[in-house]
Amino acid sequence: MSERLPVRGVERDDLTLPDPTPDHFRWWLLHHLQYTVGKDPQHASLTDWRLALTHTIRDRALTPWFESTRKTWAEDRKRVHYLSMEFLIGRLLEDATINLGLRDIAAEVLEGLGLSFAELTEDEPDAALGNGGLGRLAACYMESMATLGCPGFGYGLRYEHGLFRQSFDHGRQVETPEDWLATENPWNFTRPESAYDVGFGGHVAAEDGHQVWTPRSRVKAAAHDTPVVGYGGNWANTLRLWAAIPTADFFDLDRFNAGEFIAASSHEALARSLSRVLYPNDSTESGKELRLSQEYFLTSASVQDILRRYQTNHTDLSKLPEFVAIQMNDTHPAIAGPELIRLLVDEHGFGFDAAADITTEVLGYTNHTLLPEALERWSIGLMSKVLPRHLQIIERLDHREIELCGPRPYGVGLIGEGAVKMGELAFVTSHKVNGVSALHTDLVKRDLFPVLDQRHPGRILNVTNGVTPRRWLKLANRPLAALVTDTIGEGWETDLDRLVELENHIDDPGFLDAFGQTKHLAKVRLTEWLSERFGIDDIPTDALYDIQVKRQHEYKRQLLNILWTIARWQRIKRDPTNGGAGWVPRVKIFGGKAAGSYQAAKDIIRLINDVAEVVNNDPDTRDHLRVIYPPNYDVSMAEKLIPAADLSEQISTAGMEASGTGNMKFALNGALTIGTLDGANVEIREHVGADNFFLFGLTTDEVAAERGRGGHARAAVEASQALRDVLQAIAEGTFSPGDQHRYGSLVDNMWNSDWFLVASDFDSYDAAQSKVDEVYRDPASWQRKAVVNIARMGFFSSDRSIREYMEKIWDVESAL
Ligand code: 26Q
């Protein structure tokens, strides 16, 4: 059934599509509407047209996709395999259209038909197969690999339900299931021939010197492929997502025939649950068996697929590292080490050490967090229940580490306190371990893996994150992208360093104004959308747009932002003219979801909404201050918000944000950053210059010292009159009328604990915000700084990051 049939008389180029003329394009569009979607143009809905357009664009992606695959095989090239539990891809249609160079023609043809390209692309569901930064990074990296011609695969799970939808009920977050597959997914190519069994549980027995694992159950992993086309359409890679389906032996035909339909299919439900839903926690959901099973399911299917592909044209598995690189996106797929060793030893007859050497040469591990609660640990009990053979291999790897590097201090091994430590496991099974910003990598060395770093010198390195300028500038901000092209010409899309040339034009007459107009236009478009989509009306467009959008997490300190907003409101009320100087009008925008179980984060969401309710309805302050929190922040919303920002809030407690990538997207769109010395903020500030960045707050080392001082919270609150006034207003129920104690524990925490040092950094943040006002009052000076920010963002292109991975970790070359 899945065997290739030999064909005769079909030339490679027989069906290659030439560049379309508008007439061609129109013909294909109507063709797909009728013969693929099955609709008469007179009766087609928006979704029908969107599907027809997607098929028209998708056709064009297939030629580079086939070509890239053929070339990789023909030249027997090394491939990169990016294993990630999350790919936060968002919408694909406009991105693919732009990368294939078809945006203008598509818009023109649609307009001729009385349709709108923008309306069609907006109809596409936003694929939210990720929580936040880590998942979005994987999506940007897939796009850059394709643009650079790096042969590669992304491997993930095809969750039926991506990240939950967020709505607000009287300011409180409500989560409902997301349902992106409810409408058909036209990007999907199901590959029934690429299916693998993944085993779970059971027991291991020694049989003539070999360990034989007999799993208790098996689940089938079925491949679903999506082409990822690079900019220019010169290369395309595959994103392969696994869906869990029951194996035939799951189904109990006897019971079914006996009329016990539900009992006969109960195993099916269990099997399917493996790819049912994305875990909505962006730090570890500890100890959940289903999560471990999902991680192994992804990893095993992917590793089996990788070996099968290798073995189609190679026999010597010891040469695997010459042709295969596997990158683990955090520890979520860290069972890849033991899995590859297991396959090499148990199924291909390798000795343990040889298998471990091969594995280590193949694997790389990217660390994205230092938060202790986010470091994965799986209890020995659970591991031996779900993955008994892998547990044996992990124990053996632990001994081997000692054999190779000598005795080690207590607490350094792969196993401790009754659990397998996945970070340590990923470390010892990888030839390279990387952090995601310079500061973060230093902390990975100093605080997370100090001993392993000494025992394996040179293994840890930094690759600072990046973002794709195609989506985050060209697609999200067409007016600014057009201004850039008009000013420095084409080519910046794939050579982002060229943006520095903008600096030569800062003094050109009209240039700063033109930039100012793109910013204003983005605000107008945003406010129209907020009004249309959420009924949020009358947002001024001649205000400073101050935006913080990201997952809700205490360390990201949305609380600091909203507390300061309250202080601002109080000041405006106390002194409506600001001593005659007037207030710089601000629109404060928040966006982001909290994990359903994260109560402290949900309290902060509610506080922001409660403050918005009071502030926005206060006639004394309305003209000077607004607070808005549109629900359900996702990639598509980011594409609308980021271009409109003047000020980018990157205000995490120093040492806690591994990198941040939103910070890069904002600066690329000409927002100035107010931020701490954390994650990639440090490098952004170095690139744009201290004068073009609003710095505040304690440094990483000062944070540690401050936390060590008893009573730091109380001392900091007492030292700040402004903060005390704010906390008092909250405690009095100003924002929760009739429910005075709603924020009792939040206020109590500020006075008595304050782990994230909101109070300690409050006055410094306040001073930086005053500086923001001062600079904003002089539009030319603000715009100059904004343009310098854009101009110096070249380094933060994900193309640069991927080139570094290719060179320093994967040892793979571009096929272009
Ligand atoms: C783990 C186990 C069980 C359930 C959930 C998880 C889980 C899921 C997602 C743990 C962590 C995540 C996501 C982490 C994340 O997004 N980290 C961010 O990664 C970005 C890309 O490197 C950085 O820019 C951010 O600083 C970092 O917070």
Side-chain angles (χ1 to χ4, degrees), residues 80 82-84 133-134 137-138 141 321 325-337 356-357 359-372 374-377 394 397-398 400-402 404-406 408-409 411-414 416 420-466 654-661 677-683 686 700-701 704 795 798 800-812:
V80 174
Y82 200 84
L83 266 59
S84 179
L134 168 147
L137 187 76
Y141 281 2
I326 299 178
Q327 191 66 25
M328 301 185 284
N329 201 19
D330 215 293
T331 55
H332 315 155
I335 200 69
D357 286 338
T359 298
T360 307
E361 268 193 80
V362 165
L363 289 180
Y365 156 47
T366 304
N367 174 284
H368 296 266
T369 188
L370 305 165
L371 300 187
L375 297 174
E376 287 192 292
R377 293 187 150 83
I394 291 164
L397 278 168
D398 202 18
R400 192 177 111 101
E401 208 275 336
I402 299 175
L404 291 178
C405 305
R408 64 196 178 196
V412 174
L414 308 189
V420 176
K421 299 187 275 180
M422 301 307 273
E424 282 76 355
L425 172 64
F427 193 115
V428 306
T429 52
S430 296
H431 67 293
K432 287 287 186 295
V433 174
N434 77 285
V436 288
S437 71
L439 171 66
H440 170 67
T441 300
D442 286 346
L443 297 175
V444 167
K445 283 191 199 165
R446 196 188 76 180
D447 299 340
L448 192 58
F449 298 127
V451 178
L452 285 174
D453 181 36
Q454 280 193 354
R455 291 163 73 84
H456 304 271
R459 190 170 291 193
I460 302 180
L461 78 165
N462 178 244
V463 182
T464 298
N465 285 168
M656 301 197 77
E657 188 70 272
S659 162
T661 46
L677 282 179
D678 201 13
N681 291 356
V682 177
E683 290 153 85
E686 280 165 9
T700 304
D701 291 341
F795 179 77
S798 45
R800 189 269 314 150
S801 311
I802 288 297
R803 279 197 195 95
E804 287 189 25
Y805 278 96
M806 290 169 69
E807 236 177 79
K808 299 187 199 158
I809 300 179
W810 301 335
D811 190 25
V812 61

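By convention here, the first residue in the shown sequence is residue 1.
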Notebook entry, point to check: Looking at side-chain heavy atoms only, is the closest gap between Trp810 and Ile802 below 4.5 Å?
Noted result: yes
Check: Does a salt bridge link Arg400 with Asp357, judged by any charged N lying under 4.0 Å from a carboxylate O?
Finding: yes
Margin query: Quick one: does any side-chain atom of Arg459 pair with a main-chain N or O of Val433 as donor and acceptor, under 3.5 Å?
Written below: no
Note to self: Checking Asn462 against His440: is there a side-chain donor and acceptor pair closer than 3.5 Å?
What the structure shows: no
Item checked: Main-chain N/O of His431 paired to Glu361 side chain as donor or acceptor, under 3.5 Å -> no
Next item on the list: Indicate yes or no for a side-chain donor-acceptor contact from Arg800 to the backbone of Asn465 under 3.5 Å, with no hydrogens or angles considered.
Entry: yes
Check: Which heavy-atom pair separates Cys405 from His456 by the least distance, and what is that distance?
Finding: SG-CE1, 3.5 Å
Next item on the list: Answer yes or no: is there a donor N or O on one side and an acceptor on the other, between the side chain of Ser801 and the main chain of Thr464, under 3.5 Å?
Entry: yes
Next item on the list: Would you check if Glu401 and Leu414 make a side-chain contact, meaning some heavy-atom pair closer than 4.5 Å?
Entry: no
Checklist line | Donor-acceptor pair between Asn434 and Thr366 side chains, under 3.5 angstrom | finding: yes
Check: Hey, are Lys421 and Asp398 close enough for a salt bridge, meaning a charged N less than 4.0 Å from a carboxylate O?
Finding: no
Check: Got a donor-acceptor contact below 3.5 angstrom from the Arg408 side chain to the Leu452 backbone?
Finding: no
Check: Would you say Ser84's side chain and Asn329's backbone share a donor-acceptor pair under 3.5 angstrom?
Finding: no
Next item on the list: Taking the side chain as every heavy atom from C-beta outward, state whether Leu677 and Thr700 have any atom pair closer than 4.5 Å.
Entry: no
Margin query: With side-chain contact (heavy atoms from CB on, under 4.5 Å) as the criterion, how do Leu425 and Thr331 come out once you've worked through the C-alpha distance, each side chain's angles and the decisive distance to 0.1 Å?
Written below: CA-CA 9 Å; Leu425 172 64; Thr331 55; over 6 Å; no
